[in-house]
Student: 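Structure provided below as structure tokens; questions to follow.
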Amino acid sequence: MNIGIIGGGINGLSCAWTLAQDGHNVILYERDTIMQATSSASSKLLHGGIRYLENGQFRLVREALHERDAWLKLAPDLAKPLPFIYPRYHQGQRSEWVLKIGFGLYGLLSGRSLLPSSQWLNAQEVENKVPDLECKGLQGGYLYYDAQMDDYELGQWVAKQCRTSGVQIHENTSVQTIATDGTMTLDNGTTKKFDRLLNVTGPWAEHLLQASNIQPRYHLDLIRGSHIIIDRPAAHALILEVPGETRIFFILPWQTKTLIGTTEIRQQLHQPIVCTTQEKLYLVNAYNQYITNQITETNIIKSFAGLRPILRSDDNPGKASREYAIQKNKNMITIYGGKWTTTRALSKKIKI
């Protein structure tokens, strides 16, 4: 079949790669350049999503854990195991038993993983690994493993696999409207028709349907996730509770620097996708609650933000589902939601 794909983020590229491997003739269109928007503004992790267990997203976590291991095998030069510590404090929001069950279930869902099982560390063991961690009230912590990648570089690697498989990639080509018969209209008025047309435009997927007078079956919450980078090395990757909240944030080693994130702010599609001053302060304050060598805004050398397309499911963005959904209208298919780690699994569920 001749298949057109709109969207050059990681989901669009993964769909193109999978469909080309299945023997289809695939052309992908991206309005800017590939891997420039949401897909390159992630937390740089390939992970199961330990926090999703609290929301009962067991299927998603299991799939993500298996896909995490698949990435480690597929691209070992770009995806690397990363040990984390989840410190447990006396004043923490989650009890010792909740954490024990959570990390036990995380290991169970990972199956016969490439990565080691989680283990409990006492307070002294945690302090030895993270010397600048606040030790007041520290009871210990769980050591567990996920993986880290450079999202832009790994996305470019996927694009290379696409081209090797025969996919044509057209950048700086904007699509104005689409139709259920597989026709799309470019900004210059040119029309192109395909046997199947995929709308894989991430945060813009619902908007493209509405602009084409096609009724969306699902609705997206657009959640801005912001990060900051500070010019100092991180002793260890940490997953921590935001003080006074149940949500978590990361402190991660990143290219000899430290990456801190993320926030969860609802916004509209037309609003700027940037890390605001308030978000920077939020992340600085969260960091300073746990790290004794404290920072100010002046330590920030870079900030970035991405707009995550979340299936609308909960008033609290932190509890919203990271699942994906697929809508088919005759010869047109739309992808909603999804996360970086599970992009390959999503692409294999496209029924042409």
Side-chain angles (χ1 to χ4, degrees), residues 7-12 30-47 49 51-52 55 57 60 149-152 155 200-208 210 216 218-230 239-252 254 258-287 297 300-325 335-343:
I10 190 57
N11 282 340
E30 165 56 41
R31 67 176 183 177
D32 296 311
T33 54
I34 59 172
M35 293 298 302
Q36 286 298 319
T38 300
S39 296
S40 61
S42 74
S43 296
K44 322 300 181 190
L45 298 176
L46 296 165
H47 64 130
R51 69 188 181 102
Y52 305 146
N55 302 333
Q57 298 177 51
L60 175 65
M149 50 82 178
D150 182 320
D151 45 17
Y152 178 78
V200 199
T201 53
W204 295 270
E206 186 177 357
H207 173 77
L208 182 56
Q210 291 167 340
Y218 303 91
H219 296 285
L220 294 173
D221 264 341
L222 303 179
I223 309 298
R224 185 174 69 248
S226 292
H227 302 75
I228 57 175
I229 297 175
I230 59 172
I239 177 173
L240 299 152
E241 296 174 359
V242 176
E245 302 180 32
T246 56
R247 69 180 307 273
I248 58 92
F249 75 105
F250 297 109
I251 297 176
L252 305 170
W254 178 247
T258 297
L259 175 64
I260 307 167
T262 177
T263 60
E264 291 174 319
I265 308 293
R266 276 194 175 93
Q267 74 164 67
Q268 300 298 313
L269 199 57
H270 66 274
Q271 294 175 310
I273 307 171
V274 295
C275 179
T276 65
T277 299
Q278 291 83 357
E279 288 173 288
K280 291 175 185 177
L281 287 171
Y282 177 87
L283 293 172
V284 165
N285 290 336
Y287 179 92
E297 277 189 274
I300 299 172
I301 59 171
K302 183 180 179 181
S303 65
F304 62 91
L307 196 57
R308 290 170 285 180
I310 309 295
L311 286 174
R312 190 173 301 167
S313 59
D314 198 282
D315 289 339
N316 180 351
K319 294 183 178 180
S321 172
R322 294 305 306 274
E323 285 281 8
Y324 46 80
I335 307 298
Y336 299 85
K339 61 194 296 285
W340 225 109
T341 307
T342 57
T343 183

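Counting begins at 1 with the first residue of the sequence.
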Student: Check Met149 against Leu45 and note the closest heavy-atom contact, atom names and distance.
Tutor: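 For Met149 and Leu45, the tightest heavy-atom pair comes out as CE-O, 3.7 Å.
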Student: Check for a donor-acceptor pair, side chain of Ser40 on one end and backbone N or O of Met35 on the other, with a separation under 3.5 Å.
Tutor: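 Side chain of Ser40 to backbone of Met35: a pair is present.
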Student: Output all residues satisfying side-chain hydrogen bond (donor to acceptor under 3.5 Å, both in side chains) with Tyr324, sequence neighbours left out; order by chain, then residue number.
Tutor: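 Residues passing side-chain hydrogen bond (donor to acceptor under 3.5 Å, both in side chains) with Tyr324: Glu63, Lys349.
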Student: Measuring from atom CZ of Arg51 to atom OG1 of Thr246, what distance do you get when rounded to the nearest 0.5 angstrom?
Tutor: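 So the gap between those two atoms works out to 10.0 Å.
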Student: Of all the heavy-atom pairs spanning Tyr152 and Ile34, show the shortest one and how long it is.
Tutor: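 Where Tyr152 meets Ile34 most closely, the heavy atoms are CE1-O, 4.1 Å.
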Student: Applying side-chain hydrogen bond (donor to acceptor under 3.5 Å, both in side chains), can you list everything that pairs with Thr341, at least two apart in sequence or on another chain?
Tutor: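 Result, side-chain hydrogen bond (donor to acceptor under 3.5 Å, both in side chains) vs Thr341: none returned.
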Student: Can you name the closest pair of heavy atoms from Trp254 and Asp150 and give their distance?
Tutor: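 The answer is CH2-CA, 3.7 Å.
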Student: With sequence neighbours left out, write down each residue that passes side-chain hydrogen bond (donor to acceptor under 3.5 Å, both in side chains) with Arg308, or none if nothing qualifies.
Tutor: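 Partners of Arg308 under the side-chain hydrogen bond (donor to acceptor under 3.5 Å, both in side chains) test: none.
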Student: State, with a plain yes or no, whether a side-chain heavy atom of Leu220 is found less than 4.5 Å away from one of Arg312.
Tutor: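 Leu220 does not reach Arg312 side chain to side chain.
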Student: Do you know the tightest heavy-atom contact between Cys275 and Ala305?
Tutor: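 In terms of heavy atoms, the two residues are closest at N-CB, 3.7 Å.
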Student: Heavy atoms only: give me the nearest Gly9-Ser39 pair and the separation to one decimal.
Tutor: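 Distance-wise, the nearest heavy atoms are CA-OG, 3.5 Å.
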Student: Who pairs with Lys280 by side-chain hydrogen bond (donor to acceptor under 3.5 Å, both in side chains), at least two apart in sequence or on another chain?
Tutor: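 For Lys280 there are no side-chain hydrogen bond (donor to acceptor under 3.5 Å, both in side chains) partners, ignoring immediate neighbours.
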Student: Got a second to check how far Thr38's OG1 is from Lys339's NZ, nearest 0.5 Å?
Tutor: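 With rounding to 0.5 Å, OG1 (Thr38) is 14.5 Å from NZ (Lys339).
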Student: Restricting to ring-ring contact (aromatic ring centres under 6.0 Å, His included), what partner residues turn up for His47, sequence neighbours left out?
Tutor: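 Once residues adjacent in sequence are excluded, His47 has no partner under the ring-ring contact (aromatic ring centres under 6.0 Å, His included) criterion.
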Student: With heavy-atom distances below 4.5 Å as the criterion, would you say the side chains of Thr201 and His207 are in contact?
Tutor: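 Not touching, per the 4.5 Å side-chain cut-off.
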Student: Between atom CG of Leu259 and atom CD1 of Ile230, what is the distance when rounded to the nearest 0.5 Å?
Tutor: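 Leu259 atom CG to Ile230 atom CD1 measures 9.5 Å (nearest 0.5 Å).
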Student: Could you tell me the separation between the OG1 atom of Thr258 and the CD1 atom of Ile300, rounded to the nearest 0.5 Å?
Tutor: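 If I round to the nearest 0.5 Å, the distance is 12.0 Å.
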Student: Could you check Ile10 against Asp151 for side-chain contact (heavy atoms from CB on, under 4.5 Å), going step by step and ending with a plain yes or no?
Tutor: CA-CA 9 Å; Ile10 190 57; Asp151 45 17; over 6 Å; no
Student: Using 0.5 Å steps for rounding, measure from the CG atom of Leu222 to the CD atom of Glu206.
Tutor: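 One gets 8.0 Å once the value is rounded to the nearest 0.5 Å.
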Student: List for me each residue that meets side chain to side chain contact (heavy atoms under 4.5 Å, CB included) alongside Leu283, sequence neighbours excluded, and say none if there are none.
Tutor: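 Counting only residues at least two positions away or on another chain, Leu283 forms a side chain to side chain contact (heavy atoms under 4.5 Å, CB included) with Ile228, Ile260, Thr263.
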Student: Would you say Pro203 and Leu269 make side-chain contact, with heavy atoms under 4.5 Å?
Tutor: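 Yes, at least one pair of side-chain atoms sits under 4.5 Å.
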Student: For Tyr336, enumerate each residue passing the ring-ring contact (aromatic ring centres under 6.0 Å, His included) test, keeping only those at least two apart in sequence or located in another chain.
Tutor: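 With neighbours one apart ignored, the set is Tyr218.
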Student: Applying side-chain contact (heavy atoms from CB on, under 4.5 Å), run through Tyr282 and Thr276 and close with a yes or a no.
Tutor: CA-CA 10 Å; Tyr282 177 87; Thr276 65; over 6 Å; no
Student: With sequence neighbours left out, write down each residue that passes side chain to side chain contact (heavy atoms under 4.5 Å, CB included) with Asp32, or none if nothing qualifies.
Tutor: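 Side chain to side chain contact (heavy atoms under 4.5 Å, CB included) list for Asp32, sorted by chain: Glu30.
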Student: Going by side-chain hydrogen bond (donor to acceptor under 3.5 Å, both in side chains), His227 matches just one of Ser43, Ser42, Ser303. Which one?
Tutor: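 Going through the options one by one, the only one that passes is Ser43.
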Student: For Ile301, check side chain to side chain contact (heavy atoms under 4.5 Å, CB included) against everything at least two apart and list the hits.
Tutor: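 Applying side chain to side chain contact (heavy atoms under 4.5 Å, CB included) to Ile301 gives Ile229, Asp231, Lys257.
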Student: Gln267: what forms a side chain to side chain contact (heavy atoms under 4.5 Å, CB included) with it, not counting sequence neighbours?
Tutor: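 Listed in chain order: Arg224, Gln271, Ile273, Leu307.
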Student: If you define the side chain from C-beta out and look only at heavy atoms, does anything of Leu252 sit under 4.5 Å from Lys44?
Tutor: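 Result no, sub-4.5 Å side-chain heavy-atom pair not found.
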Student: Residues two or more places apart in sequence or in another chain: which of them pass ring-ring contact (aromatic ring centres under 6.0 Å, His included) with Trp340?
Tutor: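 For Trp340, the residues satisfying ring-ring contact (aromatic ring centres under 6.0 Å, His included) (neighbours in sequence not counted) are Trp71.
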Student: What I want to check is whether the side chains of Thr343 and Asn11 have a donor and an acceptor closer together than 3.5 Å.
Tutor: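 There is such a pair (donor and acceptor under 3.5 Å, judged by atom type) between the side chains of Thr343 and Asn11.
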